[in-house]
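Right, one structure below, let's go through it.
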2 protein chains.
Amino acid sequence: MGEQDDRGLTRIQRRNRELILEGALTVFSNSGFRGATIDQIAGEAGLSKPNVLYYFASKDEIHKTLLTTLLDMWLAPLSNIDPEGEPLQEVLDYVAAKLRMSRQYPRESRLFAYEILRGAPHLTEILGGRLRGTVEDAVAILQDWMQSGRLRNVEPHHLIFSIWSMTQHYADFEVQVRAVLGKGHDPFSEAQEFLDDLYRRLLSP
Amino acid sequence: MGEQDDRGLTRIQRRNRELILEGALTVFSNSGFRGATIDQIAGEAGLSKPNVLYYFASKDEIHKTLLTTLLDMWLAPLSNIDPEGEPLQEVLDYVAAKLRMSRQYPRESRLFAYEILRGAPHLTEILGGRLRGTVEDAVAILQDWMQSGRLRNVEPHHLIFSIWSMTQHYADFEVQVRAVLGKGHDPFSEAQEFLDDLYRRLLSP
DNA sequence: CCAATTATTGACCAAAGAGTCAGGATCAGG
DNA sequence: CCTGATCCTGACTCTTTGGTCAATAATTGG
């Protein structure tokens, strides 16, 4: 996980804050904010409850720290779309990157899913601010590609929503996906194939 | 909402159970199971907490009743796919129906989203049972259409997942969608257009 | 090796929240 | 208008849980 403002933190502080955030990610992503208890987080981190509260003032602060710390990493792929790249391939790469993240970081996906479901009390400024900005940048690139006829014309915001929803679906609703598919399936690699085909069809000019 | 086993219930019982379930739907869909309190539900229903517990033995029972009561309604559109219909149109109708439900019943959508995120403790049997069965029926129809060349060949399970995820996204993550789009948008009608185009492209033989 | 700082914890506290219950209010049928 | 059944609630209990704190243990730098 990506803490880097180690300014003035002791070795122990760095290690324990990391342990706590790591444990909290597991607990919050399983139970949501209200469902999680500091005791569970402490247990997951291998620390005592008062010790957890020695490093973070409150449950809320742990949660907020997690969200803001992870948001950059979560949004990174969207900023990686290269305006100079081959349009279709850039989009397909983005889709693949998002799907890989759902497979590799399902806890992060669920953490954000819970938060947004709740109405995103800890993210409201960010949603209308940084997130929106990042999306607009990507939208501008997409629009440019579409206007120059190198990508088929579709509404770019909803294109992005579709990518988010379909890729994250495999992390957030994994229980359902697996239950419906039954055994002997690899949801993620099947999804990769499906999505590649889908966006190729949708976006080929 | 759809309670129908009114057998032997007095008028008052019917009315109050309905009030409670209605209030509980609002509260659970906003806060999730753990975040919801019986007091909030009582408040929403205009009843006292003990009175709520006079009609339902526990918070858990309210929740379980809600889920099982609403599941049928939620799944209905999938069973409405007509094997005799025009394949592409049938799928497009299903997509439209699901999107309409997201717009009209966002609370239901979020209720299920929360439950599945949690790992679906109240739905496990159903997921692998009734839901899976319903999906398999639809899959069979789709496969038939695809084999006879009336619909383009894609993996039908993932086709269904894609419909679920994209349509429910607009209900479950509405905060995010609105924040990203900004004012002056009608997410749902834009989505309708986008999805119609998408599935037409994907599935036209 | 010795302070001073940092880290840790057992034992608390207070609030919230699920669920109970005895008794009072209301209502429906006669 | 009476009575038994249904309905409702104030006041309660018990558990969980977020958070505090004083005392103890480790660590670190001089």
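Letters A, B, ... are given to chains in the order of the sequence lines, protein chains preceding strands, and every chain is numbered from 1.
Annotation: side chain of B:Leu198 is not in contact with side chain of B:Val95 (no heavy-atom distance under 4.5 Å). With contacts defined as side-chain heavy-atom distances shorter than 4.5 Å, the pair B:Phe28/B:Arg107 does not qualify.
Comment: A:Arg200 engages A:Asp196 in a salt bridge, judged by a side-chain N to carboxylate O separation of less than 4.0 angstrom. Ionic pairing of A:Arg118 and A:Glu115 is present here: one or more N-O contacts between side-chain nitrogen and carboxylate oxygen are shorter than 4.0 angstrom. No salt bridge links B:Arg15 with B:Glu18; every basic N to acidic carboxylate O contact stays at or beyond 4.0 Å.
Closest to the B:Pro50 side chain, of the nucleotides D:dG10, C:dG19, D:dT17, is D:dG10. The nucleotide whose nearest atom lies closest to any side-chain atom of B:Tyr55 is, among D:dT20, D:dT28, D:dC8, D:dC8. Listed nucleotides C:dG17, D:dC7, D:dT17 differ in distance to B:Thr37; the shortest reach to its side chain belongs to C:dG17. The B:Arg11 side chain lies nearest to C:dA28 when the options are C:dA28, D:dG18, D:dT20.
Distances shorter than 4.0 Å separate none of the side-chain N or O atoms of B:Asn16 from OP1 or OP2 on D:dT6. At the phosphate of D:dT6, neither OP1 nor OP2 sits under 4.0 Å from any side-chain N or O atom of B:Tyr54. Applying the 4.0 Å criterion to OP1 and OP2 of C:dA7, one finds that A:Thr10 has a side-chain N or O inside that range. At least one side-chain nitrogen or oxygen of B:Arg34 sits closer than 4.0 Å to the OP1 or OP2 atom of D:dT17. Within the structure, a side-chain polar atom (N or O) of A:Gln13 is placed less than 4.0 Å from OP1 or OP2 of C:dA7. Contact between the side-chain N/O atoms of B:Asn51 and the OP1/OP2 oxygens of D:dG10 is not found at any separation under 4.0 Å. Contact check, A:Ser58 against D:dG18: no side-chain N or O comes under 4.0 Å of OP1 or OP2.
Scanning atom types as modelled, one donor and one acceptor separated by under 3.5 angstrom connect the side chain of A:Lys49 and the base of D:dG18.
Look at CG on B:Leu53: it is 14 Å from P on C:dG17, rounded to the nearest Å. Rounded to an integer number of Å, the gap from B:Ile20 CD1 to D:dC8 P is 9 Å. Separating the CZ atom of B:Arg15 from the P atom of C:dT26 is a distance of 14 Å, rounded to the nearest angstrom. Atom pair B:Leu19:CG and D:dC8:P shows a separation of 10 Å (rounding to whole Å applied). Per the geometry, CZ belonging to A:Arg14 stands 12 Å off P belonging to D:dT28, to the nearest Å. Rounding to whole angstrom units, CZ of residue B:Phe56 and C1' of D:dC7 are separated by 15 Å. In this structure, CG of A:Asp39 is placed 11 Å from C1' of D:dG19, rounded to the nearest angstrom. Going from atom CD1 of B:Ile12 over to atom P of C:dA25 covers 17 Å, rounded to whole Å.
Residue contacts for A:Ala42: at a heavy-atom cut-off of 4.0 Å it reaches no nucleic acid atom on any strand shown.
Summarising the geometry of B:His185 relative to B:Arg178, their closest heavy-atom pair is O-NH1, 4.2 Å, with the distance given to 0.1 Å.
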